Protein chains: 2
Amino acid sequence: MVKAQDTETQILDAARRVFIRKGLSGARMQEIADEAGINKALLHYYFRSKEKLFDVILRETFAKIFPSLPDLMINPQLTFRESLTKFVDGYITAIQHNPFLPAFVINEINQNPDKIAQVFETIGFDGAKIKQVQEVLPQRLGLSKEKTREVIVTVISLCVFPFVGKPVLKTLLFDNDDKAFEDFLEERKARVVEIAMSMIQS
Amino acid sequence: MVKAQDTETQILDAARRVFIRKGLSGARMQEIADEAGINKALLHYYFRSKEKLFDVILRETFAKIFPSLPDLMINPQLTFRESLTKFVDGYITAIQHNPFLPAFVINEINQNPDKIAQVFETIGFDGAKIKQVQEVLPQRLGLSKEKTREVIVTVISLCVFPFVGKPVLKTLLFDNDDKAFEDFLEERKARVVEIAMSMIQS
DNA sequence: AATTATTTTAACCATATGGTTAATTTACTA
DNA sequence: TAGTAAATTAACCATATGGTTAAAATAATT
């Protein structure tokens, strides 16, 4: 029979897929068990409850998604344009490989905003680091704190929204042509950088 | 006792609140009944099933959210800048009054993309109208079909994302200060127009 | 090999949940 | 006002669901 380590990984892989596809309330422990190829009771043996298992996935997801922003943005080795290009490119590419992540995060975080604090702390994204970014970034951009926020919100909006709005956008603007939409996302990488840079110069 | 019309309205009001707050899978018929102040069986008396009731709310929500875009954008009485200003302002204001709508729509539509077609048809948002917008708008902007799409996606992204990303943005950039975030959204209205206009000129 | 600890499962359990039904109440009508 | 139709409810029902338990299978230890 399979080793423990493998079983745990199997469970996490299955849980990740199911939770991200269906969300916390939509996911079923039985479905996770089936997809992991194990008995439902084993889920509870490894992770005490649905909530506990979900929390593991949520933290893991946050850890994958969020740290890239500050780590990149305040790297003094690069010009800001280089940082931005790298971030936008890496971010959109990452989501392309995991297109359901944004909708998942948006939904669960709006459903339970109080979880943000603990989840952020778990991934080492504490008050200190947040403050650091809030201070270093305006300096790099030569902009006020307020203007800097506008740039950040703009960049993130432009990177993330197309994915969560995909079904609607595809219908309205792309005649449901998947290929056309993928091409659009690819071109967007450069476009987003331009839009953000133009905000900085003006 | 209350009149039938009122009961139906009571149910729809409650269903709207609960579904938009919790989503389809998170909502409970009992909760809707409680919030409407009636017996659970009455829900099934008026709307045969949870899905049916949900569909009514989803269509209604789409009808409220989507038609504004084409109706405004192709109005020949206004300059494009005026159309845009009116749209962005109206849109953000509308969401401010209903801040959970975007996350709700995003989640349900990603959960069940095949519903888009029927829902769009229900609200008179058919292929013809979509085609009309796709043709008229590029002319108004003097841009290619592709560039026009970029402008539209940008505008919608910038209007909608701050609301669905609010919990995270507030934590990362606004020190969880609600007032600061509301002020930001207010200023954004003008800002979004500027960003979009600058895309058109260049 | 015998014993002990760990992993896995089958069978349950309690409760939640969407939905139904038959009876009761209210509104309408002749 | 009696009688009929519509609205409303209390009590159920079947199933889904998260979770538990005791036994079986496997692995580790002596």
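Computed over heavy atoms, backbone and side chain alike; hydrogens, waters and symmetry mates excluded. Residue numbering restarts at 1 for every chain, and letters A, B, ... go by the order of the sequence lines. Please read all numbers here as calculations on a predicted model, not as lab measurements.
Between B/Leu43 atom CG and D/dT9 atom C1' there is a gap of 12 Å when expressed in whole angstrom units. In this structure, NE2 of A/His44 is placed 6 Å from P of D/dT20, rounded to the nearest angstrom. Residue B/Asp34 contributes atom CG, which lies 11 Å from atom P of C/dT17 at whole-angstrom precision. At whole-Å resolution of the value, OH in A/Tyr45 and P in D/dT21 are 15 Å apart. Distance B/Leu42 CG to C/dT25 P: 16 Å, rounded to the nearest Å. Between the CD atom of B/Gln30 and the P atom of D/dT9 there is a distance of 12 Å, given to the nearest Å. Taking atom CD1 of residue A/Ile38 and atom C1' of nucleotide C/dT8, one finds them 9 Å apart after rounding to whole Å. Rounded to an integer number of Å, the gap from CE of A/Met29 to P of D/dT20 is 10 Å.
For the ring-ring contact (aromatic ring centres under 6.0 Å, His included) condition, the pairs that include at least one residue of residues 17-36 of chain B, sequence neighbours left out, are B/Phe19-B/Phe54.
Residues B/Phe161 and A/Phe161 place their aromatic rings such that the two centres sit no closer than 6.0 Å. Ring-centre distance between B/Phe125 and B/Phe62: not below the 6.0 Å cut-off. Taking the six-membered ring for Trp and the full ring otherwise, the centers of B/Phe100 and B/Phe104 sit at least 6.0 Å from each other.
Using a 4.0 Å heavy-atom criterion, one finds that B/Ala27 contacts the sugar-phosphate atoms exclusively.
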Taking it one step at a time, do A/Glu186 and A/Gln96 satisfy side-chain contact (heavy atoms from CB on, under 4.5 Å)? CA-CA 9 Å; A/Glu186 205 54 46; A/Gln96 280 173 323; 3.4 Å; yes
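Phosphate proximity of D/dG18 to A/Arg28: present, with a side-chain N or O under 4.0 Å from OP1 or OP2. For B/Thr7 and D/dT8, the shortest distance from a side-chain N or O to OP1 or OP2 is below 4.0 Å.
More than 12 heavy atoms of other residues, nucleotides or ligands lie within 6.0 Å of NZ in A/Lys64, so this atom counts as buried by the packing criterion.
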Review item, nucleotides 10-13 of chain D N/O atoms under 3.5 Å of protein N/O:
| from | atom 1 | to | atom 2 | distance (Å) |
| --- | --- | --- | --- | --- |
| D/dA10 | OP2 | B/Asn39 | ND2 | 3.4 |
| D/dA10 | N7 | B/Asn39 | ND2 | 3.2 |

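When atom types are taken as modelled, the side chain of B/Arg149 and the backbone of A/Leu173 share a donor-acceptor pair closer than 3.5 angstrom.
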